Undergrad: 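Here's a structure for you.
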There are 2 protein chains.
Amino acid sequence: MKKAEGTRLNILQKAFALIYEKGYQTTSIDDILATTQVTKGAFYYHFKNKDEMGIAIINELLRPILTSSFIAPLQNDKNPIDTIYNLMHYLLIEDEFLQVQHGCPVANFTQEMASWNKDFNHALNEITQQWVKTMAAVLVKGKEKGQIRDDINAKQVAMFVASGYWGIRNFAKLENDKKVYLSYLKELKRYLNTLK
Amino acid sequence: MKKAEGTRLNILQKAFALIYEKGYQTTSIDDILATTQVTKGAFYYHFKNKDEMGIAIINELLRPILTSSFIAPLQNDKNPIDTIYNLMHYLLIEDEFLQVQHGCPVANFTQEMASWNKDFNHALNEITQQWVKTMAAVLVKGKEKGQIRDDINAKQVAMFVASGYWGIRNFAKLENDKKVYLSYLKELKRYLNTLK
DNA sequence: TGCAAATAATACCTATTAGTATGTTTTTAT
DNA sequence: ATAAAAACATACTAATAGGTATTATTTGCA
């Protein structure tokens with residue numbers, strides 16, 4: 001990796017961490033410069049403006065995270081019910097990047113920016129759709145294999161599950177306690193079992 | 001109502017509308033003054049600072065809305081399944097204040113402020129808990145009447161449902177389309193029916 | 001090795017931010 | 001009617017915001 005690429009990546013990663021903690025609007029360029037030890041000249045060499053950096057974070061950091069942590073675990077040939085439950089368990093309980101007090105970064109971004117920045121909205125919608133579509137595909141496969149009831153609407157279920165995930169992330173933020181995840185997971189398991 | 005009370009309420013209501021649209025942090029005092037036609041002197045006569053106004057909005061506007069629109073509809077003696085479904089249908093489809101592109105005001109506030117302002121967190125947690133507790137109580141009553149299965153964990157279900165609500169609000173914001181609500185409601189109905 | 005392009009550093013600019021200081025007007029109680 | 005208190009108005013401040021202009025330093029390559 002060239003050195004310039006390094007500073008760029010450094011900016012993206014540190015900025016992402018700050019934004020995940022504090023939110024996009026309240027993370028200032030100066031905040032980012034302070035924690036990266038990068039100067040303003042360097043920052044604006046790499047990014048036209050703050051929003052371009054935001055989009056880069058979504059496309060270059062969030063998207064890969066989504067692919068590896070949210071989508072890849074769905075792609076196995078086991079029972080969809082276990083697959084989905086295990087994914088949620090991993091995301092809520094085991095994953096070390098996602099912090100209970102800061103919620104889900106994609107949901108945070110969405111909440112903050114969706115109705116105000118077309119580019120953000122588009123990028124976020126794309127990665128979210130990818131997740132939901134993959135989950136739906138898993139369910140369809142399960143239907144074909146007879147693991148999932150025939151009368152189940154896969155897309156509908158996928159969205160229902162994804163919604164629950166975003167919601168419980170917000171709940172846990174409010175209580176600042178992972179315990180709510182356990183309660184959520186129990187009911188999710190019960191719900192998923194009604195699909196077979 | 002005394003005139004002074006009127007200006008205070010005017011500030012709270014207009015500020016709330018702005019915050020619901022734009023978020024708390026990005027709604028400036030000057031924004032509020034511009035839309036209320038109130039001067040800075042008047043604003044700071046009524047509120048010590050911006051955060052005090054924010055707390056007042058939660059306690060004096062959000063709380064009553066929650067009581068009347070989220071909690072009161074739960075308090076009838078019908079079947080909990082219909083009661084909860086009808087509430088969600090009302091909130092997502094019929095309610096005229098809640099806008100698809102701006103999500104749920106309580107969820108927005110939570111996402112933005114929960115981990116940063118203790119007072120906000122406390123006020124928001126209180127009203128949210130009240131909603132979940134009421135929903136759980138409705139389910140408990142349903143269990144006693146034999147309308148809900150015995151092995152159901154009421155609190156757990158209430159939280160699961162509330163999470164789904166917050167989540168789908170965020171989803172709809174992303175797609176800026178009420179259609180996702182219809183899909184959500186269908187699956188919610190299916191889910192609720194598994195409780196009996 | 002030298003020079004152009006890439007990368008970075010510094011100083012600055014204007015707008016906006018929350019908040020204050022100090023006044024004036026309006027209400028209220030006597 | 002009048003004085004005191006409540007309610008509001010105006011002009012300001014210091015800090016911070018995102019962004020730019022200009023200059024300096026590295027880097028890759030002929």
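Computed from a predicted structure; not experimentally measured. Here is how names work: the chains are called A, B, and so on, in the same order as the sequence lines, proteins then strands, and each is numbered from 1.
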Undergrad: Rounded to the nearest angstrom, tell me the gap between atom CD1 in B:Ile11 and atom P in D:dA7.
TA: 12 Å
Undergrad: Please give, in whole Å, the distance from D:dA6 C1' to B:Lys3 NZ?
TA: 12 Å
Undergrad: Start at the 5' end of DNA chain D and walk down; is the nucleotide closest to B:Ala4 or to A:Asp51 reached first?
TA: B:Ala4
Undergrad: Taking only side-chain N and O atoms of A:Thr39, does any of them lie within less than 4.0 angstrom of OP1 or OP2 on C:dT10?
TA: no
Undergrad: Given the rule in the side chain to side chain donor-acceptor pair (under 3.5 Å) test, do B:Glu175 and A:Gln129 qualify, once you have shown the distances and angles that lead to the verdict?
TA: CA-CA 10 Å; B:Glu175 306 215 9; A:Gln129 287 303 321; 2.4 Å; yes
Undergrad: Test for a donor-acceptor pair under 3.5 Å between the base of C:dG19 and the side chain of B:Lys50, counting only N and O atoms.
TA: no
Undergrad: To check you understand the geometry: which heavy-atom pair defines the closest contact between B:Gly103 and B:Tyr20, and what is its length?
TA: O-OH, 2.7 Å
Undergrad: At less than 4.0 Å, is any side-chain N or O atom of B:His46 found next to OP1 or OP2 of D:dA6? Yes or no.
TA: no
Undergrad: Tell me what A:Tyr44 touches on the nucleic acid: a base, only sugar-phosphate, or nothing, going by heavy atoms under 4.0 Å.
TA: base
Undergrad: Can you check whether A:Trp166 reaches A:Thr110 side chain to side chain, under 4.5 Å on heavy atoms?
TA: yes
Undergrad: Let me know the distance between CZ of A:Phe43 and P of C:dT10, rounded to the nearest Å.
TA: 17 Å
Undergrad: How long is the line joining NZ of A:Lys22 and C1' of D:dA17, in whole Å?
TA: 12 Å
Undergrad: Is there a side-chain contact between B:Ile19 and B:Ile57 (heavy atoms, below 4.5 Å)?
TA: yes
Undergrad: Rounding to a whole Å, what distance do you find between B:Asp30:CG and D:dT10:P?
TA: 14 Å
Undergrad: Taking NZ, NE, NH1 and NH2 as the nitrogens, is one of them in B:Arg190 or B:Glu187 under 4.0 Å from a carboxylate oxygen of the other?
TA: yes
Undergrad: Nearest whole angstrom, please: distance from the P of C:dA8 to the CG of A:Asn10.
TA: 11 Å
Undergrad: Measure from CZ on A:Phe47 to C1' on C:dA8 and round the result to the nearest Å.
TA: 14 Å
Undergrad: What is the separation between atom CD on A:Glu5 and atom P on D:dT26, rounded to the nearest whole Å?
TA: 20 Å
Undergrad: Under 4.0 Å between a side-chain N/O of A:Tyr45 and OP1 or OP2 of C:dA8, yes or no?
TA: no
Undergrad: Among the candidates D:dA17, C:dT20, D:dG19, find the nucleotide nearest to the side-chain atoms of A:Lys40.
TA: D:dG19
Undergrad: Report which part of the nucleic acid A:Thr26 touches: base, sugar-phosphate, or nothing (heavy-atom distance under 4.0 Å, all strands).
TA: nothing
Undergrad: Output yes when at least one side-chain N/O atom of B:Thr7 is less than 4.0 Å from OP1 or OP2 of D:dC8, else no.
TA: yes
Undergrad: Between A:Gly41 and A:Ile29, which residue's closest nucleotide on DNA chain D lies nearer the 5′ terminus?
TA: A:Ile29
